[in-house]
Amino acid sequence: MYSYIFGVLKEVGTDYIIVDNNGIGYCINTAVAALVDLPDLEDDVKVYTQLIHKEDSMMLYGFTSRADLEVFNMLLSVSGIGPKAAIAILGQMTVDDLKFAIVSGDATAISKAPGVGKKTAERIIIDLKDKIGFVEALDNHINSTMTRRPTRGEDSYTSIRQEVIDALQSLGYSAKDAKKALDKMTITESSTTEQLLTDTLKQISFL
């Protein structure tokens, strides 16, 4: 019913914001910690919203990022996940971190959200893993947690190797296999963590 609401930010609570649009104050449920670039009070804000009907109420949920809203709706498609749990998850971790946790099968990271147990986290992974692109999730995770280095000295050579090993271990590979695959790679001045990880993933599949 409401794709988004544009108006003046009037109030920010722990789990809601109020946006004034032409004299009407919309109370939008959200995880404030998940809101991207939330402006100051009395400034304009655009919130992407989802109206959810229940037997005895209508609740408006929203995010300042369309990507967050899309993932929120994906979470709602999982059996046993309601708006409160979906909001809790997105308040605990970023969209990129959540997608990476799903594709890498990291139920522990997801279950850190309040009210989300290990079994629920595992159900999220099973239901959503095929709906999230592995390469995109991996690239976004790397971009948000690792820094490109323009030159390579001895220290930076060691650093880029360790970054790739850490990324591979987070995907479930052992440190031994990660190092073995990396030994077959060539690291040059122009090497980036992203490209080296992609090449190593191809190599490790043959071990």
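Index from 1, following the sequence. Note: hydrogens, waters and symmetry copies are ignored here, and every other heavy atom, side chains too, is used.
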Consider only side-chain heavy atoms of I, L, V, M, F, W and Y, link residues closer than 4.5 Å, and tell whether Leu76 and Val95 are in one cluster. yes

Would you say Leu9 and Asp40 make side-chain contact, with heavy atoms under 4.5 Å? no

Between atom NZ of Lys112 and atom OG1 of Thr108, what is the distance when rounded to the nearest 0.5 Å? 7.5 Å

Looking at side-chain heavy atoms only, is the closest gap between Val12 and Ile18 below 4.5 Å? no

Residue list, salt bridge (Lys or Arg N to Asp or Glu O under 4.0 Å) with Asp183, at least two apart or on another chain: Arg161

Got a list of side-chain donor-acceptor pairs under 3.5 Å for residues 114-121, not counting sequence neighbours?
none

Please name the residue in the list Leu60, Leu69, Ile28, Asn29 that meets the side chain to side chain contact (heavy atoms under 4.5 Å, CB included) test with Gln50. Leu69

Across all chains, not counting sequence neighbours, the side-chain hydrogen bond (donor to acceptor under 3.5 Å, both in side chains) partners of Tyr16 are Glu11

Could you state the interatomic distance from NZ (Lys184) to CG (Asp199), rounded to the nearest 0.5 Å? 14.5 Å

Transitively linked via ILVMFWY side-chain contacts under 4.5 Å: Val71 with Ile126? no

The complete set of ring pair (Phe, Tyr, Trp, His ring centres under 6.0 Å) pairs with one or both residues in residues 71-96, sequence neighbours excluded, reads Tyr61-Phe72, Phe63-Phe72

Hey, could you give me the CE/CG distance between Met185 and Leu182, rounded to the nearest 0.5 Å? 7.5 Å

Hydrophobic cluster membership, with links at side-chain heavy-atom distances under 4.5 Å among I/L/V/M/F/W/Y: are Ile132 and Phe100 in one? yes

Once rounded to the nearest 0.5 Å, what's the spacing between atom CD1 of Ile5 and atom CD1 of Ile24? 9.5 Å

Does any part of the side chain of Val103, heavy atoms only, come nearer than 4.5 Å to the side chain of Leu128, both counted from C-beta? no

To the nearest 0.5 Å, tell me how far Asn73 CG sits from Asp68 CG. 11.5 Å

To the nearest 0.5 angstrom, please state how far the CG atom of Leu38 sits from the CG atom of Leu41. 8.0 Å

Using atom types as modelled and distance alone, determine if a side-chain donor or acceptor of Asn21 lies under 3.5 Å from a backbone N or O of Phe6. yes

Minimum heavy-atom distance between Leu196 and Thr200, given as atom pair plus value: O-OG1, 2.6 Å

With sequence neighbours left out, the residues meeting side-chain contact (heavy atoms from CB on, under 4.5 Å) with Ile125 are Ala107, Ile110, Lys129

Quick one: closest heavy-atom pair of Ala88 and Ala113, and the distance? O-CB, 3.7 Å

4.5 Å side-chain heavy-atom contact, Leu75 and Leu90: yes

Quick one: salt bridge (charged side-chain N to carboxylate O under 4.0 Å, His left out) pairs with a partner in residues 41-51, sequence neighbours left out? Lys10-Glu42

Those residues at least two apart in sequence (or on a different chain) that pass side-chain contact (heavy atoms from CB on, under 4.5 Å) with Asp15 are none

Would you mind reporting whether Leu98 and Ile102 have side-chain heavy atoms less than 4.5 Å apart? yes

In chain order, what residues pass the side-chain contact (heavy atoms from CB on, under 4.5 Å) check against Ser57, with sequence neighbours excluded? Lys54, Met59

Sequence neighbours excluded, which residues qualify as side-chain contact (heavy atoms from CB on, under 4.5 Å) partners of Asp127? Val78, Arg123

Would you say Val8 and Val19 make side-chain contact, with heavy atoms under 4.5 Å? no

